[in-house]
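Structure first, then comments.
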Amino acid sequence: MPYRLSRRSWIASGSTAVFSFAVSRPSFAETAALWSSSSTILCKTTSFRDRVGVGVVLTAMTGTPDGQYLAAAGDDHQIRIIRTSDLNTVHSLAGHRDRIRRLAFSRDGRHLASVANDGQVFVFDSQSDYRKTHHFAGKVAVAGAAFAPNDFRLAVVDFSGRVHVIDLNTQKLLRIESGIRDLRAVAYRDDGGMLAIGGQGGSLILLDPRDGQQIDQPSLHRGRIHSLSFHRDANVVTTIGDDGTAVVYDTERRERLKQIPVTTGKLFSIAVLNSQSVAVAGSDNRIRILNTDDGSIVRSLDGHVGSVASLTKVGESLFSAGFDATLRRWSIDASGTQTERIAESDPTKDR
C-alpha cells in the first residue's frame, strides 16, 4: 500500500510559483554546421545569457508533446519556456538553488516537473502561466523524473537510491528502496505497467509501479547508467552510461537485443527519434544517431566543443545543449541529413 508523504523527508506545498515573465527576442546570424558523413549546410545562431550577460549552460531539456514549447534549465538555476516557432523565451521559472538535473512534461503537456541537486521537486501548470501546483523538498539530490502515461503520478529518483512514486492528486507516496546508490534515470513504459531505473553499478532495475515489486535486474553496463528511454508503444528500452555503450533491452522477453559501442568517453543523454532510431551524446562533444534494430551508428553530428549534457526531440527537431554554453537545433528528416544551430555564447569554454 502507498505511504503518505513523510514530513521528515519531504515537505509539500501548493503555493504559487516564483516566476517572472520575460520575452527574449533572438537575433539570427548565418553560420555552418557539419554532418560528419555529409556536406556542410547552413544554420542559424543566437545566444541565451543570464542577467549579467554570461552565456548560460543548459543542463536539462524537454519539450511539449505538441512541439510548440521547449523547457530548458540553465546553470543560473532558471527554467526557460521557449516557444519553438520563434525561439522566444516566454516564461522564466525560478525556485531551484542548485543544478537542475531533469525536466519532464506530462503526456498531455499540461504539467512540467523539475528536479535538482537541492533536493526540490516542482510541478508547474502550463495552462495557468506555469503556476506552481506542487512542491516537495528533501535533503538528498534528485536526479530523475518521469510522469506516468495514464494517470497523475510522478516518479522521481535520488542519489540515496530511493524511488518515490507520488500520486499528485492525493499526495500519497510509494517509496521504494532500489538497493543501488546514485540513481540517475527513471522512465515509464508506455502502457504504464513498468518502471525502469538506472544508476551506479550499471544494473537496470525494472519495477511494478503499483506496488514497487522488482520484476528484473539485468546488469547492462560497466559503470553508472546516466540515462534511459523507452521506445514509444514498445517493450524496448535503450540505456546509456559511463562505459560509452548503448544497450537495447526487451523488458517483456527480458533479453538484451543489442549492445552498441559508441565512444571511449561517457554518454550522458539520449533522445528517441522514432521506432528504430535514437540520438545519444556525452563527453566527447559529438552526437550520434543509432539504429537500434541493427546496432549501427547511422550518423554523427559535430559542432559542440564541450560535453553534450542534454538531448531532447521536440516536434521534428532534435535539440542539444552542451557545456560550451550552446544550444543547437538539428532538423530530423527521413534520412537525417539536415541540421540547424541556434544558440551560442562562448564556444571556447568547456564548463
Side-chain angles (χ1 to χ4, degrees), residues 17-19 22 48 56-84 87 89-127 129-137 141-149 152-158 164 166 168 183-188 197 226-230 268-272 279 281 308-315 317-323 327-329 343:
V18 180
F19 73 86
F48 290 100
V56 174
V57 174
L58 300 178
T59 58
M61 297 188 298
T62 190
T64 55
D66 61 10
Q68 294 187 32
Y69 295 95
L70 172 72
D75 61 357
D76 58 355
H77 310 152
Q78 302 289 309
I79 302 170
R80 291 164 173 81
I81 307 299
I82 302 165
R83 191 166 51 222
T84 56
L87 304 176
T89 301
V90 296
H91 288 287
S92 182
L93 313 178
H96 285 292
R97 301 181 300 272
D98 205 336
R99 177 178 175 176
I100 300 170
R101 288 277 181 176
R102 194 76 62 183
L103 298 170
F105 271 109
S106 58
R107 185 62 58 89
D108 60 6
R110 176 167 181 173
H111 296 95
L112 171 68
S114 63
V115 300
N117 280 357
D118 59 11
Q120 296 189 96
V121 179
F122 291 142
V123 179
F124 303 93
D125 186 345
S126 67
Q127 294 187 2
D129 288 333
Y130 286 90
R131 178 179 62 88
K132 184 172 66 180
T133 59
H134 299 77
H135 174 215
F136 308 98
V142 186
F147 280 99
F152 197 29
R153 293 176 187 267
L154 179 70
V156 301
V157 295
D158 65 31
H164 309 268
I166 309 165
L168 295 171
L183 294 179
R184 298 297 180 101
V186 59
Y188 277 93
I197 61 172
H226 278 285
S227 190
L228 55 87
S229 186
F230 277 98
F268 297 141
S269 189
I270 183 171
V272 172
V308 181
S310 186
L311 296 170
T312 191
K313 182 177 182 288
V314 186
S317 297
L318 173 69
F319 288 82
S320 62
F323 290 154
L327 172 70
R328 298 165 189 261
R329 181 174 66 194

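The figures that follow rest on heavy atoms only: side chains count, while hydrogens, waters and symmetry mates do not.
Counting only heavy atoms from C-beta outward, the side chains of L327 and F319 approach each other to under 4.5 Å. Looking at heavy atoms from C-beta onward, H134 lies out of side-chain contact with F122 at the 4.5 angstrom threshold. At least one side-chain heavy atom of D129 sits less than 4.5 Å from a side-chain heavy atom of H91. The shortest side-chain heavy-atom distance between L103 and L112 falls under the 4.5 Å cut-off.
Pairing each heavy atom of A72 with each of I82, the nearest pair is CB-CD1, 4.2 Å. The nearest pair of heavy atoms linking A104 to T62 is N-CG2, 3.9 Å. Across all non-hydrogen atoms, the minimal contact from R102 to A145 is CG-N, 3.9 Å. Contact detail for R184 and V157: the closest heavy-atom pair is C-CG2, 4.2 Å. Residues F105 and G109 approach most closely at CD2-O, 3.8 Å, considering heavy atoms. Of all the heavy atoms in Y69 and R83, the pair that sits closest is CD2-CA, 3.8 Å.
Atom CZ of F48 sits about 11.5 Å away from atom CG of D76, to the nearest 0.5 Å. Interatomic distance, OH of Y188 versus CZ of F147, reported as 10.0 Å (0.5 Å rounding). Separating the CG atom in D158 from the CG atom in L183 is a distance of 7.0 Å, to the nearest 0.5 Å. Separation of atoms CZ (R328) and CG (L318) is listed at 12.0 Å; rounding is to 0.5 Å. Between atom NE2 of residue H135 and atom OG of residue S114 there is a gap of 9.0 Å, rounded to the nearest 0.5 Å. Distance CZ/F124 to NZ/K132: 7.0 Å, rounded to 0.5 Å.
Using a 4.0 Å cut-off between charged side-chain N and carboxylate O, D75 and R99 make no salt bridge.
No donor-acceptor distance shorter than 3.5 angstrom exists from the side chain of S229 to the backbone of A271, with no hydrogens or angles considered. The backbone N or O of G67 lies less than 3.5 Å from a partner atom in the side chain of T84, making a donor-acceptor pair. Put simply, the side chain of S310 gets close to the backbone of M61: a donor and an acceptor are under 3.5 Å apart.
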Working note: N117 + R101, criterion side chain to side chain contact (heavy atoms under 4.5 Å, CB included); need CA distance, chi angles, decisive distance, verdict. CA-CA 7 Å; N117 280 357; R101 288 277 181 176; 2.9 Å; yes
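D118 and Q120 share a donor-acceptor pair across their side chains, judged by distance under 3.5 Å alone.
Between H111 and F152, the distance separating the two ring centers is shorter than 6.0 angstrom.
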